[in-house]
J.: 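Below is the structure I would like to discuss, written out as structure tokens.
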Amino acid sequence: MTDPLAERVRKIGGTTLRSAGHVTRVQRILDNDAEYVTPPDMLAELRDDNAQLSRSMRETHSLCDEARDVSHGKSAGKLD
């Protein structure tokens with residue numbers, strides 16, 4: 001799904017990720033490198049990460065709407 005969305009972003013004049021370092025600088029969901037995470041903490045983290053992903057996807061969908069890139073097969077359609 002990443003490549004088709006990146007192509008749509010470029011077509012509407014946006015910029016995309018350029019390197020692994022760039023991904024690290026702009027990531028919205030933080031890594032957890034703890035050696036052990038309790039199951040309740042893991043579930044809470046997963047819930048919070050999914051909530052953040054949903055917010056990001058809604059924000060991206062709004063940007064697609066503004067760029068009128070909304071029909072099936074275009075960016076907004078791929079997010080649905």
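Please read these numbers as outputs of a predicted model, since none were measured by experiment.
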J.: Could you pull out the closest heavy-atom pair between I29 and Q52, with the gap in Å?
T.: CG1-CG, 3.9 Å
J.: Would you give the length of the straight line joining atom OG of S54 to atom NE2 of H61, rounded to the nearest 0.5 angstrom?
T.: 12.5 Å
J.: Pairs under 3.5 angstrom only: tabulate donor-acceptor contacts from the side chains of residues 40-48 to other protein residues two or more places apart or in another chain.
T.:
residue : atom : partner : partner atom : Å
D41     : OD2  : T38     : OG1          : 3.1
E45     : OE1  : N32     : ND2          : 2.7
E45     : OE2  : N32     : ND2          : 3.2

J.: Using the salt bridge (charged side-chain N to carboxylate O under 4.0 Å, His left out) criterion, which residues pair with R28? Sequence neighbours excluded.
T.: E59
J.: Could you list the residues that satisfy side-chain contact (heavy atoms from CB on, under 4.5 Å) with D31, not counting sequence neighbours?
T.: Q27, D33
J.: Just jot down the side-chain contact (heavy atoms from CB on, under 4.5 Å) partners of V23, sequence neighbours excluded, or say none.
T.: L17
J.: Going by salt bridge (charged side-chain N to carboxylate O under 4.0 Å, His left out), name the residues that satisfy it together with R55, two or more places apart in sequence or in a different chain.
T.: none
